[in-house]
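So you know, we letter chains A, B, ... as the sequences are listed, proteins then strands, and number each from 1.
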Protein chains: 2
Amino acid sequence: MPTINDVARAAGVSASTVSYVLSGRRPISAETRARVQAAIAELGFHPHAGARALASSKTNVIALVAPLRVDVNVPVIMQFATAVVTAARAHNHDVLLLTKDEGTAGLERVAHSTMVDALIVMDLERDDVRIPALRRLKQPSVMIGLPADHAGLACVDLDFGAAAKLALTHLAGLGHERIGLVGPSPAVYRRQTTYADRFLTGFLEASAELNLRTLSHPCEPGAAGARECLADLDTDLPGVTALVVHNEEALRPLLDLLQASGRRVPEDISVVAVCPRDVATAMPVKLTSIDIPAHDVGTLAVETVMRLLDGRRVEYTRLLAPELVERDSCREISPTHR
Amino acid sequence: MPTINDVARAAGVSASTVSYVLSGRRPISAETRARVQAAIAELGFHPHAGARALASSKTNVIALVAPLRVDVNVPVIMQFATAVVTAARAHNHDVLLLTKDEGTAGLERVAHSTMVDALIVMDLERDDVRIPALRRLKQPSVMIGLPADHAGLACVDLDFGAAAKLALTHLAGLGHERIGLVGPSPAVYRRQTTYADRFLTGFLEASAELNLRTLSHPCEPGAAGARECLADLDTDLPGVTALVVHNEEALRPLLDLLQASGRRVPEDISVVAVCPRDVATAMPVKLTSIDIPAHDVGTLAVETVMRLLDGRRVEYTRLLAPELVERDSCREISPTHR
DNA sequence: GTTGACTGTCGAAGCGCTTCGACGATGGAG
DNA sequence: CTCCATCGTCGAAGCGCTTCGACAGTCAAC
């Protein structure tokens with residue numbers, strides 16, 4: 001591996017000149033620059049990342065702390081990860097992948113040993129143990145999610161509260177008054193994952209504002225969970241005419257159950273899903289849905305990191321406005337149901 | 001951030017002694033070691049990764065080159081990634097996540113700039129452009145997949161050829177003679193992704209050996225693709241009594257179509273799936289399946305990397321034996337069908 | 001008693017880069 | 001013509017760690 005000194009020798013300049021050609025931090029004559037660049041190309045020189053990190057205190061690596069469990073929402077996690085990696089590369093940064101399982105120790109390890117310049121943290125709980133740890137780090141961090149105590153920490157996410165309101169407003173506009181929420185699994189609520197809480201809160205608020213009869217119910221994974229959830233909703237909210245489904249995994253079994261019991265979507269029951277676009281369109285009935293804009297959120301998280309690293313100002317809380325796309329799963333309620 | 005010199009001063013020893021306590025490369029008296037460790041703990045010292053990499057030419061980071069497209073097989077990719085990250089951490093290594101899109105340039109960037117000690121490469125095509133690049137690197141690499149020219153490169157994967165044979169042998173043992181293969185999407189074949197080729201080859205070989213009437217057909221994504229695939233199979237292989245499905249995404253629509261057309265699984269048609277265990281058991285009929293052991297493969301890939309880094313011998317090609325688990329989707333063919 | 005082999009520790013060199021201060025050369029302002 | 005600012009380049013220091021060689025001390029073997 002050639003070093004900067006090899007390049008300097010080949011170009012007939014000093015090592016510092018090569019460094020300045022690379023960084024552009026000092027003016028270099030066009031001629032010298034060309035000679036240096038030729039030498040770099042010819043020797044196939046790549047600066048040693050460790051040496052660079054040591055001398056400049058910059059690694060050009062950001063950590064992505066993601067829950068790598070293989071259960072719900074895998075495609076969504078993947079969309080976030082993809083967006084983060086792509087955006088990071090666009091800023092000449094690489095991504096170190098950490099699991100959530102390592103908890104606080106993982107963050108501290110990579111931060112204290114100066115492996116990364118910044119961190120992006122996913123899957124936050126309301127009172128996440130990682131938050132105090134993040135505050136202590138010298139590296140900036142951006143969270144995807146909105147935990148309770150986020151003062152001074154940058155947060156980026158879909159505005160799930162607004163999403164819930166949007167869903168209910170849409171359904172109310174079509175005349176629905178009895179609306180059930182099929183929520184994430186109880187495990188998600190138990191962990192107080194922030195998006196679940198925020199969605200539920202928005203749902204309840206909008207329900208009151210719009211004067212609706214609503215009921216929310218978590219939904220265990222699998223067909224059995226969907227069956228139980230639907231049965232409970234039917235019992236406790238008889239005559240329910242619309243469902244808001246904030247549970248990607250339950251979507252398919254739910255539709256199957258409705259069909260099996262002879263309830264047509266949207267003729268007999270309307271459905272609004274909160275899920276990635278492609279999931280909504282892959283269903284037998286194309287679902288009216290509110291997209292989870294993983295790509296936008298991931299990209300925004302990286303942009304925020306870069307601003308932080310550059311010392312520019314950032315908005316500490318950025319909640320993206322939800323968008324509802326109408327497809328084939330909602331219908332104005334027929335007079336007979338009123 | 002405290003440095004090794006701060007620790008040395010606090011413990012009343014030299015920096016090199018601290019280093020030897022950390023690495024264990026030279027004997028240190030128990031007493032000194034205790035003093036040093038106390039100082040490390042007290043100061044919260046973490047060695048600077050860049051400095052360490054510079055001095056030792058080791059980064060304790062491995063690159064994972066994965067296709068981060070959000071299409072087929074996301075959960076499987078995720079399972080690989082999870083296994084790799086977990087296994088790497090168990091060996092005190094971290095994982096840098098690269099996308100396949102960066103192609104050869106990405107590999108060279110991280111390798112030449114000494115960001116990683118080794119690479120794990122996924123989603124290989126038969127004549128993958130990245131292979132010559134990998135050969136040129138000074139870092140060792142392990143491939144998940146089995147490209148055409150893999151001499152001297154470590155490969156790890158499920159033995160898809162054997163998997164196809166296993167599926168056919170199982171079905172033949174139940175008396176099936178007309179068997180269709182629902183393959184991956186044409187795009188996967190077009191890219192000559194190695195698992196698809198190997199499965200198909202094994203399928204054709206076993207088909208000849210067992211004297212079966214078989215037909216293979218790629219399957220476009222979505223319900224429409226499944227419909228077309230099934231229709232073609234029915235036309236070109238009339239009286240087909242069993243399906244081997246090597247396409248996770250097609251599984252569900254396929255079962256729906258069979259049900260819709262009144263063909264019961266397994267009474268009228270048997271199905272063997274090649275997919276992760278949880279996908280097979282999540283179907284309405286629990287599917288007899290051959291598992292894709294992503295966890296084992298990912299772990300083995302990391303183990304192989306570690307052996308390579310230690311200069312130990314490795315088997316350059318490790319194909320894991322497939323295992324077929326019988327569930328509820330296969331049945332001995334009834335005499336009327338013969 | 002020597003000798004030799006360890007044991008335990010230290011000092012210094014060096015890994016490859018960035019960055020600061022210095023300095024000759026150039027050129028416009030006065 | 002001077003003077004000063006700017007341009008373009010260089011040399012040296014230093015980032016924090018590992019590792020090699022050296023060396024004092026200990027102990028068993030002869």
Side-chain angles (χ1 to χ4, degrees), chain A residues 1-37 39-40 43-61 92 109-117 138 309, chain B residues 1-37 39-40 43-61 92 109-117 138 309:
Chain A
M1 294 280 95
T3 73
I4 200 171
N5 286 302
D6 299 328
V7 174
R9 210 171 307 124
V13 297
S14 74
S16 52
T17 300
V18 176
S19 179
Y20 287 124
V21 167
L22 252 23
S23 70
R25 289 181 177 283
R26 288 215 178 158
I28 298 287
S29 71
E31 190 212 350
T32 304
R33 191 181 317 124
R35 273 215 318 285
V36 169
Q37 276 162 348
I40 288 174
L43 296 176
F45 166 73
H46 289 251
H48 187 292
R52 197 164 231 198
L54 180 55
S56 69
S57 313
K58 274 167 183 285
T59 63
N60 275 38
V61 175
N92 197 29
R109 181 167 50 77
V110 299
H112 289 159
S113 61
T114 326
M115 297 183 78
V116 302
D117 294 337
K138 66 170 194 288
L309 289 177
Chain B
M1 294 279 95
T3 73
I4 199 171
N5 286 303
D6 299 329
V7 174
R9 208 170 308 124
V13 298
S14 75
S16 53
T17 299
V18 177
S19 179
Y20 287 124
V21 167
L22 251 24
S23 70
R25 289 181 175 283
R26 287 213 178 159
I28 298 287
S29 70
E31 191 213 349
T32 305
R33 193 182 315 125
R35 271 214 321 286
V36 169
Q37 277 161 346
I40 289 175
L43 297 176
F45 166 73
H46 289 250
H48 186 290
R52 199 165 228 196
L54 180 57
S56 69
S57 313
K58 274 165 183 286
T59 63
N60 275 36
V61 174
N92 197 30
R109 181 168 50 79
V110 299
H112 289 160
S113 61
T114 325
M115 298 183 76
V116 302
D117 293 337
K138 67 170 192 289
L309 289 176

Chemist: Report the distance from atom NE2 of His48(B) to atom C1' of dC15(C), rounded to the nearest whole Å.
Modeler: 14 Å
Chemist: Counting only N and O atoms by type, is there a donor-acceptor contact under 3.5 Å from the side chain of Arg33(A) to the main-chain atoms of Ile28(A)?
Modeler: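 A pair under 3.5 Å: yes.
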Chemist: Any non-hydrogen side-chain atom of Val61(B) less than 4.5 Å from a side-chain atom of Val61(A)?
Modeler: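 They are not in contact (no side-chain heavy atoms under 4.5 Å apart), so the answer is no.
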Chemist: Between atom CD1 in Ile4(A) and atom P in dC10(D), what is the gap in whole Å?
Modeler: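 Rounded to whole Å, this separation is 12 Å.
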Chemist: Taking atom P of dC15(D) as reference, at what distance in whole Å does atom NZ of Lys58(A) sit?
Modeler: 18 Å
Chemist: Walk me through it: do Asn60(A) and Arg52(A) pass the test side-chain contact (heavy atoms from CB on, under 4.5 Å)?
Modeler: CA-CA 10 Å; Asn60(A) 275 38; Arg52(A) 197 164 231 198; over 6 Å; no
Chemist: Without decimals, in angstroms, what is the distance between Arg9(B) CZ and dC17(D) P?
Modeler: 12 Å
Chemist: Does any residue of residues 20-33 of chain A have a heavy atom under 4.0 Å from DNA chain D, and if so, which ones, in number order?
Modeler: Tyr20(A), Arg26(A), Pro27(A), Ile28(A), Ser29(A), Thr32(A)
Chemist: From C-beta outward on Leu54(A), which listed nucleotide comes closest to its side chain: dC10(D), dC10(C), dG16(C)?
Modeler: dG16(C)
Chemist: Gly50(B) or Ser16(B): which one's nearest nucleotide on DNA chain D is closer to the 5' end?
Modeler: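 So the residue in question is Gly50(B).
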Chemist: Protein-nucleotides 23-29 of chain C N/O pairs closer than 3.5 Å?
Modeler:
none

Chemist: Please report the closest heavy-atom contact between Ala53(B) and Gly50(A), naming both atoms and the distance.
Modeler: CB-CA, 4.4 Å
Chemist: Using atom CE of Met1(A) as one end and atom P of dG16(C) as the other, report the distance to the nearest whole Å.
Modeler: 11 Å
Chemist: Between Tyr20(A) and Val13(A), is a side-chain contact (heavy atoms from CB on, under 4.5 Å) present by the stated rule, with each step listed?
Modeler: CA-CA 11 Å; Tyr20(A) 287 124; Val13(A) 297; over 6 Å; no
Chemist: So what does Ser19(B) touch, heavy atoms closer than 4.0 Å: a base, only the sugar-phosphate, or nothing?
Modeler: base
Chemist: Quick one: do Lys138(B) and Thr114(B) satisfy side-chain contact (heavy atoms from CB on, under 4.5 Å)? Show the steps, please.
Modeler: CA-CA 10 Å; Lys138(B) 67 170 192 289; Thr114(B) 325; 3.9 Å; yes
Chemist: Rounding to a whole Å, what distance do you find between Asn5(B):CG and dC15(D):C1'?
Modeler: 11 Å
Chemist: Looking only at non-hydrogen atoms, find the nearest pair between Thr3(B) and Phe45(B) and report the distance.
Modeler: C-CE1, 3.5 Å
Chemist: In whole Å, I'd like the distance from the CE atom of Met115(B) to the P atom of dC17(C).
Modeler: 14 Å
Chemist: Between His46(A) (NE2) and dC17(C) (C1'), how many Å, whole number?
Modeler: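 Interatomic distance, NE2 of His46(A) to C1' of dC17(C): 16 Å.
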Chemist: Base, sugar-phosphate alone, or nothing: which one does Thr3(B) contact when heavy atoms must sit under 4.0 Å apart?
Modeler: sugar-phosphate
Chemist: Would Met1(A) and Asp6(A) count as a side-chain contact (heavy atoms from CB on, under 4.5 Å) if you check the C-alpha gap in whole Å, the side-chain angles of each, and the deciding distance to 0.1 Å?
Modeler: CA-CA 10 Å; Met1(A) 294 280 95; Asp6(A) 299 328; over 6 Å; no
Chemist: At 4.0 Å (heavy atoms only), tell me whether Ser14(B) reaches a base, stays on the sugar-phosphate, or touches nothing.
Modeler: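 Base: the residue Ser14(B), judged by heavy atoms under 4.0 Å, touches a nucleobase.
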Chemist: Can you name the closest pair of heavy atoms from Ser19(B) and Ile4(B) and give their distance?
Modeler: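 The pair with the smallest heavy-atom distance is N-CD1, 3.8 Å.
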Chemist: What's Val18(B) touching, base or sugar-phosphate or nothing? Going by heavy atoms closer than 4.0 Å.
Modeler: nothing
